[in-house]
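Comments concern the structure below.
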Amino acid sequence: MREDLASISKMGFGCMRLPLIDPADPTSIDIDQFKAMVDVFMEAGNTYFDTAFLYHGGASEAAVRQALVERYPRESFTVATKCPAAFLPTKEAAHATLATSLERLGVAYLDFFLLHNLGSTRTATFDEYGMWEFAQRAKEQGLVRNIGFSLHDGPEALDELLTAHPAMDFVQLQVNYLDWDDPHAQARRLMEVADSHGVPVVIMEPCRGGRLCELPEEAAAILAEGHPAITQAEWAYRFCWDLPNVITVLSGMSTLEQVEQNTASYRARRPLSADERGTLGRAVEAIRALAVVPCTGCGYCVEGCPAHVMIPDVMEMLNLEAMTRNPAFAKATYGWRTEAGRASSCIGCGACEAMCPQQIDIIHQLEVAAGKFE
Ligand code: SF4
Ligand code: SF4
């Protein structure tokens, strides 16, 4: 990894869940509170801030300007933001986000510019709008120092993208201890693919959207017994902080207390011992035991589906809900994971069930999923 990237503190500040004045208004960011959080984070020697054009209804970037950019020397921090081309109606609108982001942030250049949320059917829009060439030009013009993309897809998709776009300086991936050997998420494989291309990684969702901080009782008890003094969040971060080829690990913080706790954990960090890894492995088994569908993610069912239902993803969402006991989280994840083939598109032909080595009652499970998530 390049030295300037390797020297960045492994604790990054994700600015997508900032404190609000009015909980019903995502743009009402509490700037005073955010300033206090930035101060604690910076005083602890951390530097990486991650925002996006869309976070907080577009208000996150301006909040970063007020709390950070206008209060600290430009060289003392690095800032990343993202272009959500797949959510924008035209190429021109997608290209225009960079100028808007620079203005909102009040910076002359970005340290990290990401194409936001690649994967599945969304990737085609980035190709169609020429976003790869656009990012490259922005780098040549000095508007951006490092270009990359965030991805919600599997290792094959990552391999294809990094092969097609070797100029990428970094990639942002969902990595955490629960997804590490998960047959769908395949976080370990994702990290291996990035490494094989020589591309360093920014880790997102180390706590899987906060779920690994609110574990089901069965798993929480195992971690508490293994090490009573370590919080669930600390287990999750420690797993990621020591992985190789990592630029930083994002933590989406919402309170001053979280910043204080996380910076203290980071300062006191040490590699997980063999015993602690064993404890974590048992907690993962306990979480997995709560799964309701024995789907392995093999994908045999998908080939012959005339309705192109994203069956393995739908099964995973049913398990995600059971394992996290968080219906809202599973429903939100279902929203973007299955946009190319909802459970309700199923016409009941039965071709998938004939192919499933686990003999899952797929048609029934799809009905259950459609009822829960659509
Ligand atoms: S039963 Fe439904 S999900 Fe299965 S192959 Fe037919 S249309 Fe697709
Ligand atoms: S064939 Fe069965 S086990 Fe394999 S992905 Fe489809 S539902 Fe899951």
Side-chain angles (χ1 to χ4, degrees), residues 117-124 151-161 173-193 205 208-209 211-212 216 218-219 281 283-327 329-374:
N117 195 9
L118 271 286
S120 186
T121 54
R122 301 178 300 279
T123 300
L151 178 82
H152 283 288
D153 209 331
E156 293 76 21
L158 178 61
D159 193 36
E160 277 173 27
L161 285 168
L173 301 172
Q174 176 173 314
V175 174
N176 54 67
Y177 68 75
L178 186 59
D179 287 332
W180 190 244
D181 284 320
D182 181 271
H184 296 274
Q186 301 186 73
R188 182 202 292 266
R189 266 306 287 149
L190 285 168
M191 291 297 285
E192 287 169 355
V193 168
E205 305 293 2
R208 227 185 201 254
R211 294 314 116 211
L212 298 184
E218 297 85 339
V284 169
E285 278 170 30
I287 299 169
R288 292 237 174 95
L290 299 171
V292 287
V293 190
C295 175
T296 61
C298 67
Y300 297 149
C301 53
V302 177
E303 288 291 303
C305 175
H308 307 292
V309 177
M310 299 187 74
I311 304 166
D313 296 86
V314 177
M315 298 300 128
E316 189 194 354
M317 292 307 105
L318 288 170
N319 285 337
L320 182 68
E321 188 199 43
M323 291 191 289
T324 60
R325 296 200 174 118
N326 190 318
F329 175 63
K331 186 172 179 174
T333 310
Y334 178 92
W336 62 263
R337 280 285 294 274
T338 67
E339 61 193 351
R342 303 283 192 215
S344 57
S345 313
C346 172
I347 57 169
C349 70
C352 55
E353 293 189 358
M355 293 302 292
C356 178
Q358 307 301 321
Q359 298 174 325
I360 296 169
D361 52 344
I362 296 175
I363 298 173
H364 170 66
Q365 296 298 343
L366 291 174
E367 283 170 6
V368 172
K372 283 174 184 281
F373 304 139
E374 293 184 29

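The model shown is predicted, which means the values in this text are computed figures rather than measured ones. Just follow the structure's listing: the first ligand is 1, and inside any ligand the first atom is 1.
Close contacts between ligand 1 and I363 involve ligand atoms 1 (S) [criterion: under 4.0 Å to a heavy atom]. Atoms of ligand 1 lying under 4.0 Å from any heavy atom of G348, numbered from 1 in the order shown and given with element: 1 (S), 2 (Fe). Here is the list of ligand 2 atoms found below 4.0 Å of a heavy atom in G299: 4 (Fe), 5 (S).
Looking only at side-chain heavy atoms (C-beta outward), P312 and V302 come within less than 4.5 Å of each other. A heavy-atom distance below 4.5 Å is found between the side chains of E321 and K372.
With L190 as the partner, the side-chain contact (heavy atoms from CB on, under 4.5 Å) test is satisfied by one option alone out of V175, L151, D153, D159: L151. Among L318, V314, V368, the one residue that satisfies the side-chain contact (heavy atoms from CB on, under 4.5 Å) test with V293 is L318.
In summary, C295 places no N/O/S atom under 2.8 Å from atom 2 (Fe) of ligand 2, failing the contact criterion.
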Exercise for the section: Show your working on side chain to side chain contact (heavy atoms under 4.5 Å, CB included) between E316 and D182 and close with a plain yes or no. Expected result: CA-CA 10 Å; E316 189 194 354; D182 181 271; 4.0 Å; yes
Exercise for the section: Go through M315 and Q365 one step at a time and tell me if the side chain to side chain contact (heavy atoms under 4.5 Å, CB included) criterion holds. Expected result: CA-CA 7 Å; M315 298 300 128; Q365 296 298 343; 3.7 Å; yes
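Applying the 6.0 Å contact sphere to OH of Y300 captures no more than 12 heavy atoms from other residues, nucleotides or ligands.
Neighbouring protein atoms of atom 8 (Fe) of ligand 1 (N, O or S, distance under 2.8 Å, waters ignored): C305 SG.
For atom 2 (Fe) of ligand 2, the closest non-hydrogen atom on the protein side is C356 SG, 2.4 Å. With respect to atom 4 (Fe) of ligand 2, the closest heavy atom belonging to the protein is C298 SG, 2.3 Å. Among all protein heavy atoms, the one lying closest to atom 1 (S) of ligand 1 is G350 N, 3.2 Å.
The distance from atom CD of E218 to atom CD1 of I287, rounded to the nearest 0.5 Å, is 9.5 Å.
Looking at Y334 and E374, their side chains do bring a donor and an acceptor atom within 3.5 Å of each other.
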